[in-house]
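One is the number of the first residue; the rest follow in order along the sequence. We use all heavy atoms of the structure for the numbers below, so side chains are in, but hydrogens, waters and symmetry mates are not.
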Amino acid sequence: MSVDLAFEGPDDLLPAVAQDAETGTVLMLAYVSPEAVERTRETGRAHYYSRSRDELWEKGATSGHVQRVEEVRVDCDGDALLYLVRQEGGACHTGRESCFYRTIDGEEVGERVFDPDEVYG
């Protein structure tokens with residue numbers, strides 16, 4: 001049985017939070033299209049929709065820092081997803097383990113796990 005997701009149309013996007021399945025660390029927030037959800041389910045690797053590039057993307061396709069999806073959960077309204085993942089490398093394009101590496105006061109609290117210049121050029 002599949003849960004109905006609250007996509008209003010094929011171009012609609014829903015927020016998806018990626019959380020480390022083992023530690024519970026929130027790694028990132030991205031958006032998914034119906035196609036991204038389908039590809040995630042088919043491959044077991046996280047797929048999202050890039051609003052800035054206006055295209056589907058597989059997390060880690062460029063960096064090698066893929067997210068292996070263990071479970072996808074849906075919120076009560078069907079309008080947000082939670083990807084429970086096994087993260088390989090860092091989740092953030094800045095080289096951090098998590099995109100949530102700063103406090104609101106600007107203090108950096110997350111560690112850098114890779115050099116983005118080496119990965120992205």
Side-chain angles (χ1 to χ4, degrees):
M1 177 177 112
S2 290
V3 173
D4 287 331
L5 299 177
F7 289 111
E8 293 180 12
D11 297 327
D12 195 21
L13 303 176
L14 299 179
V17 174
Q19 181 179 31
D20 187 288
E22 185 176 326
T23 67
T25 299
V26 174
L27 300 172
M28 58 182 272
L29 168 74
Y31 291 86
V32 294
S33 63
E35 183 182 6
V37 174
E38 182 179 320
R39 294 283 298 139
T40 296
R41 295 185 75 188
E42 288 173 356
T43 66
R45 295 183 310 275
H47 287 74
Y48 300 101
Y49 192 87
S50 171
R51 297 180 302 166
S52 61
R53 295 188 312 263
D54 195 27
E55 65 183 18
L56 181 73
W57 61 282
E58 178 182 344
K59 178 67 175 156
T62 302
S63 67
H65 300 170
V66 299
Q67 292 176 342
R68 304 214 181 270
V69 179
E70 293 197 354
E71 186 176 13
V72 177
R73 295 187 184 175
V74 181
D75 81 336
C76 57
D77 297 321
D79 62 1
L81 301 176
L82 174 65
Y83 284 5
L84 297 172
V85 304
R86 296 277 180 199
Q87 177 70 49
E88 296 178 14
C92 186
H93 72 280
T94 65
R96 295 344 188 270
E97 173 189 25
S98 167
C99 292
F100 297 94
Y101 65 90
R102 297 177 290 185
T103 68
I104 198 158
D105 295 321
E107 178 186 359
E108 292 193 10
V109 295
E111 70 178 84
R112 180 166 272 169
V113 295
F114 72 92
D115 182 346
D117 291 333
E118 289 179 12
V119 171
Y120 302 113

Exercise for the section: Starting from V113, walk the hydrophobic network (Ile, Leu, Val, Met, Phe, Trp, Tyr; side-chain heavy atoms closer than 4.5 Å) and list everyone else you reach, by chain and number. Expected result: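 Answer for V113: F114, V119, Y120.
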
Exercise for the section: May I have the step-by-step check of salt bridge (Lys or Arg N to Asp or Glu O under 4.0 Å) for R39 and E42, ending in yes or no? Expected result: CA-CA 5 Å; R39 294 283 298 139; E42 288 173 356; 3.3 Å; yes

Problem - Results of side chain to side chain contact (heavy atoms under 4.5 Å, CB included) for D54 - residues two or more places apart only - result: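 If we apply the side chain to side chain contact (heavy atoms under 4.5 Å, CB included) test to D54, skipping adjacent residues, the hits are Y49.
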
Exercise for the section: Using side chain to side chain contact (heavy atoms under 4.5 Å, CB included) as the criterion, list what pairs up with P34, not counting sequence neighbours. Expected result: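 Result, side chain to side chain contact (heavy atoms under 4.5 Å, CB included) vs P34: F7.
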
Tell me which donor-acceptor pairs under 3.5 Å the side chains of residues 19-28 have, and how far apart each pair is, sequence neighbours excluded?
from : atom 1 : to  : atom 2 : distance (Å)
Q19  : NE2    : G24 : O      : 2.9
D20  : OD1    : E22 : N      : 2.8
D20  : OD1    : T23 : N      : 2.8
D20  : OD1    : T23 : OG1    : 3.3
E22  : OE1    : R86 : NH1    : 2.8
T23  : OG1    : T25 : N      : 3.2
T23  : OG1    : T25 : OG1    : 3.0

Problem - Path from V69 to L5 over hydrophobic side-chain contacts below 4.5 Å - result: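 Looking at the clustering, L5 is in the same group as V69.
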
Minimal non-hydrogen separation, [X] against [Y], with atom names:
X	Y	answer
D79	A6	CB-CB, 4.0 Å
K59	A91	NZ-O, 2.5 Å
A16	V32	CB-CG1, 3.8 Å

Practice task
Would you please test V37 and V72 for side chain to side chain contact (heavy atoms under 4.5 Å, CB included) and show each step?
Solution key: CA-CA 9 Å; V37 174; V72 177; 5.8 Å; no

Practice task
Please tell me if the side chains of R68 and R45 come closer than 4.5 Å, counting only heavy atoms from C-beta onward.
Solution key: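 When only atoms from C-beta onward are counted, R45 and R68 do touch, with a gap below 4.5 Å.
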
Exercise for the section: For atom CZ of R51, decide whether the heavy atoms of other residues, nucleotides or ligands shown that lie under 6.0 angstrom number more than 12. Expected result: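 No, not enclosed.
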
Practice task
Answer yes or no: are there more than 12 heavy-atom neighbours, outside D115 itself, under 6.0 Å from its atom CG?
Solution key: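 Correct, the count exceeds 12.
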
Practice task
With side chain to side chain contact (heavy atoms under 4.5 Å, CB included) as the test, would you mind laying out the steps for Q87 and H65 before giving the verdict?
Solution key: CA-CA 7 Å; Q87 177 70 49; H65 300 170; 3.9 Å; yes

Problem - Flag, side chain of S33 to backbone of A36, donor-acceptor distance under 3.5 Å - result: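 Present.
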
Handout entry: Interatomic distance, L82 atom CG to L29 atom CG [nearest 0.5 angstrom]
Key =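 Here the interatomic distance stands at 11.0 Å.
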
Problem - Sole candidate of V3, V17, L84 that passes side chain to side chain contact (heavy atoms under 4.5 Å, CB included) when paired with R73 - result: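 Filter result, single survivor: L84.
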
Handout entry: Listed partners of Y48 passing ring pair (Phe, Tyr, Trp, His ring centres under 6.0 Å), at least two apart
Key =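 Testing Y48 for ring pair (Phe, Tyr, Trp, His ring centres under 6.0 Å), a comparison that skips the adjacent residues, returns W57, Y83.
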
Please tabulate, one pair per line, all N/O donor-acceptor pairs under 3.5 Å involving side-chain atoms of residues 104-112, not counting sequence neighbours.
from : atom 1 : to  : atom 2 : distance (Å)
E108 : OE1    : R96 : NH2    : 2.6
E108 : OE2    : R96 : NH2    : 3.4
R112 : NE     : T94 : O      : 3.1
R112 : NH2    : T94 : O      : 2.8

